[in-house]
Amino acid sequence: MVMRKPADKFLTELGVPFEDEGSYVVVKHAALFTSTLLSKVLSFPNVKLFNATSVEDLITRRDESGGIRIAGVVTNWTLVAMHHDDQSCMDPSTINAPVIISTTGHDGPFGAFSAKRLVSMQALERLGGMRGLDMNSAEDAIVKGTREIIPGLICGGMELSEVDGANRMGPTFGAMALSGVKAAEEAMRVFEIRQKQNAI
């Protein structure tokens, strides 16, 4: 697993070993990175893992000016979501939240879900469409572009390439990790702003 610097700082903080190759590092086992990250996240007392669950819609509310704000997600068992066309309906569950982070990847069966849903509900005019592979420009664009794209929804990773028309990244994962870090920082910033607004 290749990760461009400065993602090595994130790996060091997690305790994932890597080989330094100059401008990038190599993690020998991607499963070690994933399992280490997952174990660190799940050790927090306020984190829940919903296994075999997919998001099938966004919960929306109108803000004071009449614009759309994302207020949570609608979930269902993944197998149910994949077979809506050939089985009877199964009621979904909802999760309300002041801020959602969506990093569902580029277009595919479940990819770019939130971005595509925003277009279908006319909260975004259109998708920018992911451009061809260019690792150098893609990594910078994805990290720098990670942001709240509409109130209540932060978008990052390769899903953002579909929103902004950024280049495909290819098999390099530094920006994926750093986009996640930036999304978390953005979520904290947005959450603090919402708390202050609600206190007024």
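Note that these values count all heavy atoms, side chains included, but never hydrogens, waters or copies made by symmetry. Position 1 is the first residue of the sequence, and the numbers go up from there.
One finds the CG atom of N136 at 10.0 Å from the CG atom of L133 (value rounded to the nearest 0.5 Å). In this structure, CG on L38 lies 9.5 Å from OG1 on T36, to the nearest 0.5 angstrom. Distance check, rounded to the nearest 0.5 Å: OG of S102 to CG of L58 gives 7.5 Å. We find the OG1-CZ distance between T34 and F173 to be 9.0 Å, quoted to the nearest 0.5 Å. Atoms CZ and CD, from R126 and E162 in turn, are 12.5 Å apart once rounded to the nearest 0.5 Å. Atoms CE and CE, from M1 and M176 in turn, are 9.5 Å apart once rounded to the nearest 0.5 Å.
Remark: S93 engages T75 in a side-chain contact (heavy atoms from CB on, under 4.5 Å) (not counting sequence neighbours). When the side-chain hydrogen bond (donor to acceptor under 3.5 Å, both in side chains) test is applied to R69, no partner is found at least two apart in sequence or on another chain. Partners of A141 by side-chain contact (heavy atoms from CB on, under 4.5 Å), not counting sequence neighbours, listed by chain and number: A166. Remark: S39 pairs with no residue by the side-chain hydrogen bond (donor to acceptor under 3.5 Å, both in side chains) rule, at least two apart or across chains. Residues forming a side-chain hydrogen bond (donor to acceptor under 3.5 Å, both in side chains) with S120 (at least two apart in sequence, or on another chain): R117. Listed by chain and number, the residues in a side-chain contact (heavy atoms from CB on, under 4.5 Å) with L49 are L42 (sequence neighbours excluded). For T172, the side-chain hydrogen bond (donor to acceptor under 3.5 Å, both in side chains) partners at least two apart in sequence or on another chain are E139. Applying the salt bridge (Lys or Arg N to Asp or Glu O under 4.0 Å) rule to E186 yields the partners R189; only residues at least two apart in sequence or on another chain are considered.
Contact annotation: the side chain of F191 approaches that of P98 to within less than 4.5 Å [non-hydrogen atoms, C-beta and beyond]. At least one side-chain heavy atom of D140 sits less than 4.5 Å from a side-chain heavy atom of R4. At a threshold of 4.5 Å between non-hydrogen side-chain atoms, the residues F10 and L37 count as touching. The shortest side-chain heavy-atom distance between L32 and P17 falls under the 4.5 Å cut-off. By the 4.5 Å heavy-atom criterion applied to side chains, T60 and I70 are counted as neighbours.
Put simply, I150 and I193 are part of two different groups of oily side chains (I, L, V, M, F, W, Y) that touch within less than 4.5 Å, one to the next. I154 and I68 fall into different hydrophobic clusters, where Ile, Leu, Val, Met, Phe, Trp and Tyr are joined by side-chain heavy atoms under 4.5 Å apart, directly or via other members. Following chains of ILVMFWY side-chain contacts shorter than 4.5 Å, one can reach M3 starting from V181, so the two form part of one hydrophobic cluster. Under the 4.5 Å side-chain heavy-atom criterion for ILVMFWY residues, no single connected hydrophobic cluster contains both L160 and M135. F50 and V41 end up in the same hydrophobic cluster when Ile, Leu, Val, Met, Phe, Trp and Tyr side chains are linked at under 4.5 Å.
In this structure, S161 and I142 approach most closely via the heavy-atom pair N-CD1, 3.8 Å. Between S137 and N167, the shortest heavy-atom distance links the atoms OG-OD1, 3.2 Å. Contact between A97 and I100 at its shortest, heavy atoms only, is CB-CD1, 3.8 Å. Closest approach of S54 and T78 over heavy atoms only: N-OG1, 3.5 Å. Of all the heavy atoms in A115 and V163, the pair that sits closest is CB-CG2, 3.6 Å. The minimum heavy-atom distance between E159 and S114, with the atom names listed, is OE2-N, 3.0 Å.
The side-chain hydrogen bond (donor to acceptor under 3.5 Å, both in side chains) pairs that include a residue from residues 146-158 are T146-S179, R147-D164, E148-R194, where partners are two or more places apart or lie in different chains.
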Check residues 18-27 and write down every donor-acceptor pair under 3.5 Å in which the side-chain atom is one partner and the other belongs to a residue at least two apart or another chain.
{"from": "E19", "atom 1": "OE2", "to": "K28", "atom 2": "NZ", "distance (Å)": "3.1"}
{"from": "D20", "atom 1": "OD1", "to": "K5", "atom 2": "NZ", "distance (Å)": "3.0"}
{"from": "D20", "atom 1": "OD1", "to": "G22", "atom 2": "N", "distance (Å)": "2.9"}
{"from": "D20", "atom 1": "OD2", "to": "K5", "atom 2": "NZ", "distance (Å)": "2.9"}

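Applying the side chain to side chain contact (heavy atoms under 4.5 Å, CB included) test between M169 and each of M158, M130, H106 identifies M158 as the sole match. For the pairing with V73, the side chain to side chain contact (heavy atoms under 4.5 Å, CB included) check across N96, T94, I95 returns one residue only, I95.
A donor-acceptor contact shorter than 3.5 Å links the side chain of R131 to the backbone of G129.
Hydrophobic cluster membership for M188: none, as no Ile, Leu, Val, Met, Phe, Trp or Tyr side chain comes under 4.5 Å of it. In the hydrophobic clustering, I59 connects to V74, either directly or through intervening members, whenever side-chain heavy atoms lie under 4.5 Å apart.
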